[in-house]
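Data block below; observations after.
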Amino acid sequence: ESDLLTGARTDIEELQAIILDRLREAGGHADAARFSASMLRSQQLEDFNRLPLDQQTRQIKGAVIGAAAKPARDFFIERGYSPVAASAIVGNLVHESGLNPSAQHDAEEMRRRGLPPGLGVAGWNGERLDALKEFAKSRGTEPTDLRTQLEFVDAELKGKESSVGAALKAAKTPDEA
């Protein structure tokens with residue numbers, strides 16, 4: 001905050017404003033925009049670093065889920081589900097697994113029963129897990145691939161779970177979905 005050469009105090013916001021003005025005067029509007037964004041990110045990072053670790057973790061998890069949730073919702077809308085139904089499907093998957101295609105479910109209980117743990121965004125286990133693995137194999141992908149799992153959810157909703165799929169497609173409100 002102080003000028004190293006003169007010892008005079010300099011307000012950081014004033015200095016930022018001077019830099020922005022100079023960049024704009026030089027015709028560097030894009031540079032000025034990048035500088036402004038950088039300063040904003042710097043402040044956000046400082047604010048984030050002041051949070052307790054559990055709050056930082058919650059924010060990071062939220063950002064990761066948010067980054068996956070919109071494309072997942074868009075996927076189901078492209079498959080003919082309404083925005084309400086698509087949001088309900090993705091909301092359920094977020095609740096189930098945080099949209100983590102590698103999530104393991106009920107690991108301890110399943111191992112006690114001599115079975116592999118549930119897997120993926122929907123926690124498939126038993127016959128349904130076997131079906132997911134076959135589905136992935138038929139597409140040349142891994143069962144832990146998010147797109148493959150979303151396609152499998154859609155296939156289930158149009159196949160074995162078609163009554164659920166029909167109810168979702170008919171839903172007009174989030175409560176119905």
Side-chain angles (χ1 to χ4, degrees), residues 34 37-38 40-41 43-177:
R34 279 191 291 275
S38 177
L40 179 60
R41 282 191 304 274
Q43 184 59 52
Q44 289 171 335
L45 185 56
E46 285 180 29
D47 293 345
F48 178 80
N49 286 336
R50 287 189 196 101
L51 293 174
L53 187 58
D54 65 321
Q55 289 180 22
Q56 289 179 8
T57 302
R58 271 196 302 271
Q59 282 193 15
I60 290 169
K61 282 183 180 178
V64 169
I65 291 170
K70 183 177 181 339
R73 181 179 176 271
D74 292 346
F75 169 87
F76 287 106
I77 290 171
E78 290 167 9
R79 292 291 203 268
Y81 298 88
S82 70
V84 167
S87 295
I89 294 167
V90 173
N92 188 346
L93 299 176
V94 166
H95 176 74
E96 184 79 26
S97 65
L99 275 178
N100 177 356
S102 297
Q104 291 195 351
H105 302 263
D106 306 319
E108 199 171 304
E109 177 187 334
M110 298 301 278
R111 285 190 185 106
R112 266 195 317 247
R113 295 169 50 195
L115 300 169
L119 176 71
V121 296
W124 293 283
N125 60 39
E127 290 177 9
R128 290 179 71 209
L129 178 56
D130 293 341
L132 169 64
K133 289 177 180 178
E134 280 301 313
F135 185 84
K137 185 178 178 182
S138 74
R139 284 165 167 63
T141 61
E142 294 295 320
T144 54
D145 176 70
L146 178 60
R147 175 93 183 178
T148 299
Q149 290 186 13
L150 296 177
E151 289 172 352
F152 188 67
V153 168
D154 183 50
E156 283 190 315
L157 290 172
K158 290 176 179 170
K160 287 182 105 175
E161 300 293 333
S162 61
S163 62
V164 175
L168 278 167
K169 286 190 174 189
K172 302 290 183 226
T173 67
D175 285 340
E176 289 175 6

Does the side chain of [Y] come within less than 4.5 Å of [X]'s, by heavy atoms?
X	Y	value
Trp124	Lys133	no
Val90	Val94	yes
Thr173	Glu176	yes
Leu146	Val121	yes
Leu157	Tyr81	yes
Pro117	Asp106	no

Taking all non-hydrogen atoms of both residues into account, name the closest pair between [X] and [Y] and its distance.
X	Y	value
Pro101	Leu119	O-CD1, 4.1 Å
Leu132	Pro143	CD2-O, 3.9 Å
Arg79	Lys169	O-NZ, 3.9 Å
Ile77	Ala86	CG1-CB, 3.6 Å
Leu168	Ala85	O-CB, 3.3 Å
Pro116	Leu129	CG-CD2, 4.4 Å

inquiry  = Is it the case that atom CD in Glu108 sees more than 12 heavy atoms from other parts of the structure closer than 6.0 Å?
reply    = no
query = Just wondering, more than 12 heavy atoms not from Lys158 lying within 6.0 Å of its NZ?
reply = yes
Judged by atom type as modelled, is there a donor-acceptor pair below 3.5 Å linking the side chain of [X] to the main-chain atoms of [Y]?
X	Y	answer
Ser162	Gly165	no
Glu161	Glu156	no
Glu134	Asp130	no
Asp145	Thr148	yes
Gln149	Ala122	no
Ser38	Arg34	no
Ser97	Leu93	yes
His105	Gly120	yes

From CZ (Arg147) to CZ (Phe152), nearest 0.5 Å = 16.0 Å
ask   = For the atom pair OG1 (Thr144) and CG (Asn100), what is the distance rounded to the nearest 0.5 Å?
value = 9.5 Å
inquiry  = Check for me whether Arg73 meets the cation-pi criterion with Phe76, that is, NZ or CZ under 6.0 Å from the six-membered ring centre and within 45 degrees of the ring axis.
reply    = no
request  = Tell me, with the steps shown, if Ile89 and Val153 meet side chain to side chain contact (heavy atoms under 4.5 Å, CB included).
outcome  = CA-CA 9 Å; Ile89 294 167; Val153 168; 4.2 Å; yes
